[in-house]
Amino acid sequence: MESRPSNHPFDQAPFLTDQNGEVEVFESGAILLYLADAYGFECNGSGILATSSAIDRAKYAKWVVWANSELEKLCFGEHMSTTSLDKPNGMLDRFEEILGSPKNSPYLLGETFTVADVAVAAYLTYVPIFFPDVCPTMRPNTVRYMKRCAERPAFGKAFGEDNAQVIIAKINAWLGL
């Protein structure tokens with residue numbers, strides 16, 4: 001049998017091995033949930049990760065699953081063909097309301113960036129890369145959320161400083177900055 005680059009059953013990325021190969025996980029959402037369970041779900045100012053309980057897991061898992069099951073299609077359409085971010089869409093309109101709620105904090109679960117934000121922001125912040133002509137000014141709360149996530153130093157480390165700067169510049173243009 002021919003050697004495969006990873007043990008992903010469908011020869012795709014992403015694929016994670018952990019615990020000296022004892023743990024193998026595929027699919028981005030499953031990987032995020034595993035990492036949150038294994039190492040913590042939120043990053044506080046000192047970089048220490050908070051552990052999670054079943055109640056905490058319910059708070060962030062719903063956003064990870066929603067990002068993978070719904071937001072991906074809204075951001076990239078069928079076969080990466082289009083985005084709904086700048087078009088009328090009931091689900092994105094509701095997300096815009098959630099982000100603009102008076103009780104809402106800077107991030108989905110409060111004041112701290114969590115695995116929920118990793119899942120959601122990853123899809124949103126790729127939109128300006130794949131669809132450079134999009135202009136989602138009809139969703140200012142979503143755009144400001146994207147900006148908060150993209151300006152985090154860890155974003156540049158994860159996505160590359162050049163990509164981060166392109167994304168932030170595009171977001172700033174959308175915001176008229």
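In what follows, residues are counted from 1 in the order of the sequence shown.
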Closest heavy-atom contact between Val115 and Ala36?
CG1-CB, 3.9 Å
Determine whether more than 12 heavy atoms belonging to other residues, nucleotides or ligands lie under 6.0 Å from atom CG of Leu177.
yes
Do the non-hydrogen side-chain atoms of Val143 and Leu175 ever get within less than 4.5 Å of each other?
yes
Ion pair present between Arg139 and Asp86, side-chain N to carboxylate O less than 4.0 angstrom?
no
Any idea how Phe155 and Phe159 line up, ring-wise: parallel (<30°), tilted (30 to 60°), or perpendicular (>60°)?
parallel
Sub-4.5 Å side-chain heavy-atom contact between Thr82 and Lys87
yes
Just so I know, are the side chains of Leu108 and Leu99 near enough to count as touching, which here means a heavy-atom distance under 4.5 Å?
yes
Using distance alone, with no hydrogens and no angle criterion, decide if Thr17 and Glu24 have a side-chain donor and acceptor under 3.5 Å apart.
no
If two hydrophobic side chains count as joined below 4.5 Å and joins carry through other members, does Val65 share a cluster with Val25?
no
With a 6.0 Å cut-off on the ring centroids, do Phe113 and Tyr107 count as close?
yes
Interatomic distance, CE@Met138 vs CG@Asn89, rounded to 0.5 Å, equals 9.0 Å
Is Ser81 reaching over with its side chain to a backbone N or O of Glu78, donor-acceptor style, under 3.5 angstrom?
yes
Using modelled atom types and a 3.5 Å cut-off, is there a donor and acceptor pairing between side-chain atoms of Arg148 and backbone atoms of Pro106?
yes
Output yes when a side-chain donor or acceptor of Lys59 lies under 3.5 Å from a complementary backbone atom of Ile55, and no otherwise.
no
Just so I know, are the side chains of Met91 and Trp66 near enough to count as touching, which here means a heavy-atom distance under 4.5 Å?
yes
Which atom pairs, one a donor and one an acceptor, fall under 3.5 Å between side chains of residues 118-130 and the rest of the protein, sequence neighbours left out?
residue, atom, partner, partner atom, Å
Tyr123, OH, Asn68, OD1, 2.7
Thr125, OG1, Ala121, O, 2.6

Closest contact, heavy atoms only, Ala150 versus Ile171:
CB-CD1, 4.4 Å
Dump the intermediate steps for side chain to side chain contact (heavy atoms under 4.5 Å, CB included) on Trp63 and Leu109, then the final yes or no.
CA-CA 10 Å; Trp63 287 108; Leu109 300 184; 4.0 Å; yes
My understanding is that only residues two or more places apart in sequence, or in another chain, count here; which of them pass ring pair (Phe, Tyr, Trp, His ring centres under 6.0 Å) with Trp174?
none
Does the pair Leu92 and Leu71 meet the rule for a side chain to side chain contact (heavy atoms under 4.5 Å, CB included), with working shown?
CA-CA 8 Å; Leu92 288 173; Leu71 186 58; 4.0 Å; yes
With side chains defined as the heavy atoms from C-beta onward, is the minimum distance between Asn141 and Arg144 less than 4.5 Å?
yes
Going hydrophobic residue to hydrophobic residue with side-chain gaps under 4.5 angstrom, can you get from Val134 over to Val166?
yes
Please tell me if the side chains of Ser84 and Lys73 come closer than 4.5 Å, counting only heavy atoms from C-beta onward.
no
Can you check whether Tyr60 reaches Leu33 side chain to side chain, under 4.5 Å on heavy atoms?
yes
Could you tell me the separation between the CG atom of Asp162 and the CD1 atom of Ile167, rounded to the nearest 0.5 Å?
11.0 Å
Considering residues at least two apart in sequence or located in another chain, which fulfil the side chain to side chain donor-acceptor pair (under 3.5 Å) criterion with Asp18?
Tyr34, Tyr39
Looking at side-chain heavy atoms only, is the closest gap between Met146 and Leu85 below 4.5 Å?
yes
